[in-house]
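Atoms within a ligand are numbered from 1 in the order they appear, just like the ligands themselves. Values reported hereafter were calculated over all heavy atoms of this structure, with side chains retained and with hydrogens, waters and symmetry mates removed.
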Amino acid sequence: MIKSFDFNGLFSSDHGPVDSKLQSAASAGHENEDGNGDGHRSGNGHGNGDGLDELIAKNRPKPETEITGDSGPRILWGAPVAKQLYDWCRHWHDLYLARVGRPVGLGVVRVGDDPASQVYIGHKRASAEALGFAFFQHVFSGQEAPSVIESHVAAWCHPRSPVNGVIVQLPVPDGHDKFSYLGAVQPNWDVDGLHPRVRSPFVPCTPLGCLALLRAYRIPVAGKHCVIVGRSPLVGRPLAELLLTADATVTVAHSKTIDLAQITRQGAIVIAAAGKRHLLTPEYFQSGAIVLDVGIHRQDKPIDGGKQLDALSDDSVAQPDGRASVKVAAGTSGALSGDVDPQSYQDLGAYSPVPGGIGPTTVACLMVNTLVAAYRQHGFDLQLPDLIASAYPCRGG
Ligand code: NAD
């Protein structure tokens, strides 16, 4: 049992100091590594630099996915951005492990058997384990009473639980109320930032990933007209808030918007998050626009469990954004694709590809949020990585 924590050594780091206004860590010991015992724990419990290096190396874009020459638009790959965030995570997680004596824990609750969810959880698990986090998953068939599922979520959000961040993987099956499950996540464990009733201390990971990508490629947003296509609580709405905070002028379009192309053509920066494959064709963009494509669509092969799912899961170790294969060029048959028609690319200033753009940064931001949650649960506020620090001006936890 850990009686007390000595974080003094943390102040000398290049990765930013622990906020010294906070008091010495609570001495809440974590006697039971297995918590309530019903989650599946994996991971080696130690910072695993080699595993992470391998993950990043595999995720690096392959030459055959490069689709432009020097004079074409810039491709905003997510992998190098994710690497910066993972480096930050690795540093702080090693210190956490050394002082707390156990790894940071990420817990995922899945209800039902949505195949795509299983793949996405695989990506989160691969990244968590590569960092040395403990990963827990609890799967409900969907036949259980909602109160049973809520109780499980609530039990994970406890100082003695080995879980520091809790995700309810969406979607949940028809007939289930996702808000009741998301509402059972205590705000300090809400690393997806999706609590339906209180303002979560965490920013949702996909908007955070978009911001990190823009910052990493030094694309200024202040004063720019940013058009977001999509107003979901997961992507569009929190992203609008982030961009407003960054002094952009923001327009949010949605399914009832009239003459979408006329709106998006005004955007110096356009973020596509409608969930409609190839919705945005060349006439939707002004020349030289910067385009982030959040949408993910699987072409040709519906995910159908069994072998096919295994193949995707294996690949997901290398491809945290879920791309089916790095050997096929973005936008071609058999690959994943986004909301932006690749025919639009040639006249753009820059774009994030699908696969390989927003996906990797999203998963990396989830790891950052989980680490921040763990430190906060011990009474310490980490200074966030520069790439996303500006996103947290008023979410102190
Ligand atoms: P959602 O279905 O909850 O929301 C879609 C939004 O798009 C809605 O606000 C809707 O009004 C709007 N919309 C739909 N059709 C439109 C149209 N024709 N014109 C204008 N607006 C339209 O979806 P979501 O959860 O926000 O996800 C959006 C997409 O992003 C999906 O493809 C999803 O798979 C993907 N996604 C990717 C990541 C990632 O890590 N890259 C993470 C989350 C979601």
Side-chain angles (χ1 to χ4, degrees), residues 59 76-79 81-82 85 114-124 126-127 167-172 178-179 182 191-194 196 203-214 227-242 250-265 267 270-281 283-285 291-299 302-303 316 319-324 330 335-341 351-369:
N59 190 40
L76 309 175
W77 292 108
V81 184
L85 298 171
D114 178 60
S117 289
Q118 296 176 47
V119 175
Y120 295 138
I121 291 170
H123 307 156
K124 293 165 187 174
S127 291
I167 296 172
V168 177
Q169 185 70 39
L170 299 178
V172 293
K178 68 179 175 187
F179 297 114
L182 292 171
V191 289
D192 257 349
L194 291 176
V203 176
C205 303
T206 303
L208 212 48
C210 291
L211 192 80
L213 202 75
L214 290 169
V227 177
I228 302 169
V229 185
R231 59 177 168 183
S232 75
L234 186 66
V235 186
R237 284 170 197 252
L239 182 58
E241 186 188 349
L242 291 189
V250 180
T251 299
V252 181
H254 49 82
S255 56
K256 301 289 189 289
T257 295
I258 293 167
D259 197 354
L260 180 64
Q262 189 265 333
I263 305 278
T264 52
R265 272 199 302 272
V270 178
I271 299 101
K276 296 279 182 286
R277 181 175 173 265
H278 294 182
L279 171 70
L280 305 180
T281 46
E283 66 273 22
Y284 281 75
F285 302 106
V291 177
L292 303 192
D293 192 352
V294 174
I296 301 179
H297 310 277
R298 220 167 287 274
Q299 291 166 258
I303 302 173
S316 76
Q319 312 298 325
D321 63 332
R323 61 179 122 165
L336 298 186
S337 58
D339 286 0
V340 177
D341 183 343
Y351 67 91
S352 71
V354 180
I358 299 299
T361 63
T362 295
V363 178
C365 286
L366 174 64
M367 301 304 139
V368 171
N369 276 354

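- Checked by atom type and distance alone, the side chain of S127 never pairs as donor or acceptor with a backbone atom of K124 at under 3.5 Å.
- A donor-acceptor pair under 3.5 Å links the side-chain atoms of D339 to the main chain of K276, judged by distance alone.
- Residues of the protein with a heavy atom under 4.0 Å from ligand 1 are T206, V229, G230, R231, S232, L234, V235, H254, S255, L260, A273, A274, G275, K276, L279, V294, G295, I296, H297, I358, G359, T362, listed by chain and number.
- Contacts of T281 classified as side chain to side chain contact (heavy atoms under 4.5 Å, CB included), with partners at least two apart in sequence or in another chain: E283, Y284, D341.
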Please tabulate, for the side chains in residues 361-369, all donor-acceptor contacts under 3.5 angstrom to protein atoms that are two or more places apart in sequence or on a different chain.
unit_1 : atom_1 : unit_2 : atom_2 : d
T361   : OG1    : G209   : O      : 3.3
T361   : OG1    : I358   : O      : 2.8
T362   : OG1    : I358   : O      : 3.0
N369   : OD1    : Y392   : OH     : 2.6
N369   : ND2    : V191   : O      : 3.0
N369   : ND2    : V203   : O      : 3.1

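- Legend: residues meeting side chain to side chain contact (heavy atoms under 4.5 Å, CB included) with P196, ordered by chain and number and at least two apart, are F179, L182.
- D293 places a side-chain N or O within 3.5 Å of a backbone atom of V340 that can act as its donor or acceptor partner.
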